[in-house]
Amino acid sequence: MTMKKMCLWLALGLFSAGPIVSAADIIGIITLKGTPPPEKEITPLMDNPDCAAMHKTTPKTHFYVVGPKGELADVVVSLKGVTGKSTGADAPPVVLDQKGCLYTPQILAVQTGQKLLVKNSDNCVHNVHCTPAVAGNEEHNDVQMAGGADLTYSFPKPEMFLKFKCDVHPWMFAWVSVFDSPYFAVSDADGKFVIKNVPPGKYTIEASHRKAGAQTQDVEVKDADVTANFNLEVK
Ligand SMILES: [Cu+2]
């Protein structure tokens, strides 16, 4: 037997040895139809000397973060009805920072039980106040001094757009969506999202935006990556 043949046999042997575990990514682009209303200047931020010192120009709201071709960021994309699959306790923490008296990012997503680490990168005090709407998720209200230790939260129940606010700076908001599975993503500045390692099956995928609302479509995952694009409308 030639070396080449032996390698082939070896390779075939390896592949047939165990069950074939296949998974694929669901990839898509979210675009926004219509012209969003202009973002508003957050003028109260500039009235606060501590916060104003960290900005050269007045920051604006981020209701619609949209690119030149309508690429829509901050859309939370998830597989509907997939529950009991959380790997949250083992997943690395997700970080929510406070910078220049703004939450960053303002839209994020975690698994149930996954740690959410809240940092204060500012030279001023913040107040981290989350107000869940789903029973079982606990409200927290914690002062975080400049240079203070990171705060850690986790939520046991799925919830869309769980609100984080700051009582010191009433314009500060972040929205944390909680899923009972690892199959979700938030679209980036190019409107792109990737839901990784989805097991084969039929799913309903939901794209949800704080202002533009939600849309669903059905996808079937086999053994190759699947594309699912969405067109959301200005509301
Ligand atoms: Cu604050």
Side-chain angles (χ1 to χ4, degrees), residues 36-67 72-76 88 91-179 184-189 208-213 235:
E39 301 292 336
K40 294 189 178 76
E41 289 192 337
I42 308 172
T43 47
L45 187 153
M46 297 308 263
D47 295 336
N48 178 307
D50 288 337
C51 300
M54 295 184 272
H55 293 274
K56 287 196 179 102
T57 57
T58 308
K60 289 183 175 178
T61 52
H62 286 84
F63 294 141
Y64 287 96
V65 178
V66 60
L72 185 60
D74 288 346
V75 181
V76 179
V94 170
V95 175
L96 172 59
D97 200 357
Q98 297 160 106
K99 257 186 192 169
C101 295
L102 294 168
Y103 277 116
T104 175
Q106 287 172 15
I107 300 288
L108 58 169
V110 296
Q111 297 187 57
T112 50
Q114 184 174 14
K115 280 183 184 153
L116 176 72
L117 222 67
V118 183
K119 291 179 174 293
N120 183 1
S121 296
D122 287 339
N123 292 320
C124 62
V125 63
H126 290 292
N127 178 277
V128 181
H129 188 177
C130 64
T131 58
V134 170
N137 288 338
E138 231 178 282
E139 180 174 356
H140 296 275
N141 192 347
D142 299 309
V143 170
Q144 194 174 31
M145 306 303 288
D150 296 346
L151 297 168
T152 304
Y153 304 101
S154 72
F155 302 96
K157 300 289 179 196
E159 178 166 349
M160 281 307 287
F161 299 124
L162 191 164
K163 181 158 82 174
F164 273 71
K165 58 180 182 165
C166 173
D167 298 326
V168 182
H169 309 113
W171 58 83
M172 286 179 68
F173 293 102
W175 308 89
V176 179
S177 293
V178 186
F179 296 101
F184 58 83
V186 179
S187 65
D188 64 16
S208 191
H209 183 269
R210 277 279 308 153
K211 295 286 174 186
K235 280 196 178 130

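Ligands are counted one by one from 1 in listed order, and the atoms in each one are counted from 1 as well. Along the sequence shown, the residues carry numbers beginning at 1.
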- Note on the structure: Between the OG1 atom in Thr61 and the CH2 atom in Trp171, the distance rounded to the nearest 0.5 Å is 14.0 Å
- Atoms of protein origin (N, O or S) under 2.8 Å from the Cu ion (ligand 1): His126 ND1, Cys166 SG, His169 ND1, Met172 SD
- Query: With a 2.5 Å cut-off on the SG atoms, do Cys51 and Cys101 make it?
  - Reply: yes
- Message: Side chains of Asp50 and Asn123: any donor to acceptor distance under 3.5 Å?
- Response: no
- So, do Val110 and Tyr153 sit near enough that their side-chain heavy atoms are less than 4.5 Å apart? no
- Any pair with a residue in residues 99-136 that passes ring pair (Phe, Tyr, Trp, His ring centres under 6.0 Å), sequence neighbours left out, goes on the list, sorted by first then second residue, please. His126-His169
- Message: Main chain of Lys60, side chain of Glu39: is a donor-acceptor contact present, judged purely on distance under 3.5 Å?
- Response: no
